[in-house]
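Computed from a prediction, not measured in an experiment: that's the story for all the values here.
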Amino acid sequence: VMTGGAVAGAYLGPRAAEAIFPGGRFVRAAGQAAPTGTAERAGDGYRISGRYSFGSGTPHAGYIVGGFMAREGGKPVLDDNGQPVMLIGLSPKAKTRSLGNWNVLGLRGTGSYDFEVLEQELHEDFFFNASAPVQLRGGPLYRMGFMAIPCLSHAAFALGAARRLLDEWRKFAREKPRGSGVASDQHTFQLAFATATADLHAADAYVRSVFATLYDAANADCVTAEMRLEGQLATSHAFTVAKRIAQAAFDGATTRAVRDGNPIQRCIRDIMSGSAHVLNSDQALIDAGKMLAGDDAGGTPLTREGYSL
């Protein structure tokens, strides 16, 4: 929902802005930007359709985000570098269908159902080119680029979920009898908890520093590829730390962590499920590592054409 609203407000044309923000209200937008749909040019708009997974927030949205490969005359549209053009478009929810299959380990509350965008025609104002977004509204936040906003939201979730997990783990340790005292009296807990706390503070500081630098650079129109790479690394690292804390809490909370309804278990499930996203996976670190090692062919999701900040 955070990303969908930013897309609608910053990059879409006036017709779309009027429809999605009627009278200054936000009817909410959510969905999935992976380009698993098609958009065939039709007059001053596109004929679209597609099927998607992980539509987080779609049950509560009035407009649904989808990624579409642009086509014209039945052929793929290519950019100046010979690469297929990917469009991101927003469809009225009434012209989509939820597949209602969000039965998962964690992040159950996101309602990330698979969904289908039914065949329809939409005016071009409801689309923008993902590889070359034109900012029509808003400030430096949106000049950081399209992928900066999902990176920020993913990093914020990882840090927040890990913080809650630490709080719940400490509460458990203060109440759990161990020998003549409680678990929080034991050196093993104190060592693990102090290490986890320091790791979280370091990851939080990294995210804040990197995105503050990106914001200032966007304000001065001087964002570099190195800054974009740091944005990806900070997000991936936040999840790496969150997973490490989840494992430590699981080990330290004994059987409490396996029981349904326990907040420690829920935090662990949510963190591990969130880490499966492409922005947070090991592959994101591998992509960044290629650039850091000097192999920048293809770039990363935050730096290569088609996904650049």
For residues Glu230 and Leu214, determine if any side-chain heavy atom of one lies less than 4.5 Å from a side-chain heavy atom of the other.
-> no
Given Val223 and Arg143, is the side chain to side chain contact (heavy atoms under 4.5 Å, CB included) satisfied, shown in steps?
-> CA-CA 9 Å; Val223 174; Arg143 290 198 292 277; over 6 Å; no
Could you give me the CA-CA distance, side-chain angles and deciding distance for His237 and Val241, then say whether side chain to side chain contact (heavy atoms under 4.5 Å, CB included) is met?
-> CA-CA 6 Å; His237 182 254; Val241 168; 3.5 Å; yes
Compute the centroid of each ring, for Phe127 and then for Tyr46, and state whether the two points are separated by less than 6.0 Å.
-> yes
Could you tell me whether Arg178 atom CZ has more than 12 heavy atoms of other residues or ligands within 6.0 Å of it?
-> yes
Close side-chain approach of His187 to Leu191, heavy-atom, < 4.5 Å | no
Please assess Leu285 against Leu233 for the test side chain to side chain contact (heavy atoms under 4.5 Å, CB included), listing each intermediate value before the final yes or no.
-> CA-CA 7 Å; Leu285 287 169; Leu233 276 175; 4.0 Å; yes
Please answer: with hydrophobic residues joined when any side-chain heavy atoms are less than 4.5 Å apart, are Leu166 and Ile271 in the same cluster?
-> yes
Roughly how far, to the nearest 0.5 Å, is the CG atom of Leu87 from the OG atom of Ser131?
-> 8.5 Å
Stepwise side chain to side chain contact (heavy atoms under 4.5 Å, CB included) test for Phe250 and Leu165 | CA-CA 10 Å; Phe250 183 82; Leu165 180 54; over 6 Å; no
Please check if the side chain of Gln32 supplies one atom and the backbone of Ala34 the other of a donor-acceptor pair under 3.5 Å.
-> yes
Distance, nearest 0.5 Å, that separates OG of Ser236 from CD1 of Ile286 | 10.5 Å
Determine all donor-acceptor pairs shorter than 3.5 Å in which one atom belongs to a side chain in residues 113-120; sequence neighbours excluded.
from	atom 1	to	atom 2	distance (Å)
Asp114	OD1	Ser53	OG	3.4
Asp114	OD2	Asn101	ND2	3.0
Glu116	OE1	Arg97	NE	3.4
Glu116	OE1	Arg97	NH2	2.6
Gln120	OE1	Ser91	OG	3.1
Gln120	NE2	Ser91	OG	3.0
Gln120	NE2	Lys95	O	3.2
Gln120	NE2	Leu118	O	2.9

Specify the closest pair of heavy atoms between Ala33 and Met86, including all atoms of both residues, with the distance to one decimal.
-> O-CE, 2.8 Å
4.5 Å side-chain heavy-atom contact, Arg163 and Leu200 = yes
Side-chain (Arg164) to main-chain (Gly160) donor-acceptor, under 3.5 angstrom = no
Tell me, yes or no, whether the heavy-atom count around Asp80 atom CG, taken from other residues, nucleotides or ligands under 6.0 Å, exceeds 12.
-> no
Does some side-chain heavy atom of Tyr63 sit less than 4.5 Å from a side-chain heavy atom of Val27?
-> yes
Which atom of Leu122 lies closest to which atom of Leu90, heavy atoms considered = CD1-O, 3.3 Å
Do the non-hydrogen side-chain atoms of Phe211 and Cys151 ever get within less than 4.5 Å of each other?
-> yes
Can you hop from Leu141 to Phe26 via hydrophobic side chains spaced under 4.5 Å?
-> yes
Find out whether Arg108 and Arg269 are in side-chain contact, i.e. whether some heavy atom of one side chain is under 4.5 Å from a heavy atom of the other.
-> yes
Can you say whether the rings of Trp102 and Phe54 are parallel (under 30°), tilted (30 to 60°) or perpendicular (over 60°)?
-> perpendicular
Side chain Thr96, main chain Lys93, donor-acceptor under 3.5 Å | yes
Kindly say whether Asn81 contributes a backbone atom to a donor-acceptor pair with the side chain of Asp79 at under 3.5 angstrom?
-> yes
Output the distance between atom CZ (Arg208) and atom OH (Tyr215), rounded to the nearest 0.5 Å.
-> 15.5 Å
State whether the side chain of Ser153 and the backbone N or O of Pro150 hold a donor-acceptor pair below 3.5 Å, judged by distance alone.
-> yes
Can you name the nearest heavy-atom pair linking Leu12 to Ala16, along with the distance?
-> CB-CB, 3.7 Å
Flag, side chain of Lys176 to backbone of Ala253, donor-acceptor distance under 3.5 Å | no
Distance-minimising heavy-atom pair for Tyr142 and Ala6 = CE2-CB, 3.5 Å
Look at the side chain of Gln265 and the backbone N and O of Arg256, then say whether any donor-acceptor pair between them is shorter than 3.5 Å.
-> no
4.5 Å side-chain heavy-atom contact, Phe172 and Thr254 | yes
Could you point out which residue of Glu40, Glu124, Glu121 forms a salt bridge (charged side-chain N to carboxylate O under 4.0 Å, His left out) with Arg47?
-> Glu121
Quick check: are there more than 12 heavy atoms from other residues, nucleotides or ligands sitting under 6.0 Å from CZ of Arg51?
-> no
Is Val182 reachable from Trp169 through a run of I, L, V, M, F, W or Y residues, each pair having side-chain heavy atoms under 4.5 Å apart?
-> no
Within a reach of under 6.0 Å around CG of Asp282, are more than 12 heavy atoms found that belong to other residues, nucleotides or ligands?
-> no
Leu107 backbone acceptor or donor facing Asp270 side chain under 3.5 Å | yes
Is there a donor-acceptor pair closer than 3.5 Å between any side-chain N or O of Asn280 and the backbone N or O of Gly274?
-> yes
More than 12 heavy atoms of other groups within 6.0 Å of Arg41 CZ = yes
Can you tell me how far the CD atom of Gln247 sits from the NZ atom of Lys243, to the nearest 0.5 Å?
-> 11.0 Å
Can you name the nearest heavy-atom pair linking Ala39 to Phe68, along with the distance?
-> CB-CB, 3.7 Å
For the atom pair OG (Ser112) and NE2 (His277), what is the distance rounded to the nearest 0.5 Å?
-> 9.0 Å
Rounded to the nearest 0.5 Å, how far apart are CG of Leu229 and OG1 of Thr224?
-> 9.5 Å
Ile149 reachable from Ile20 in the ILVMFWY side-chain graph, under 4.5 Å edges = yes
Considering non-hydrogen atoms only, spot the tightest contact between Gln135 and Tyr11 and give its length.
-> CA-CD2, 3.9 Å
Transitively linked via ILVMFWY side-chain contacts under 4.5 Å: Leu152 with Phe157?
-> no
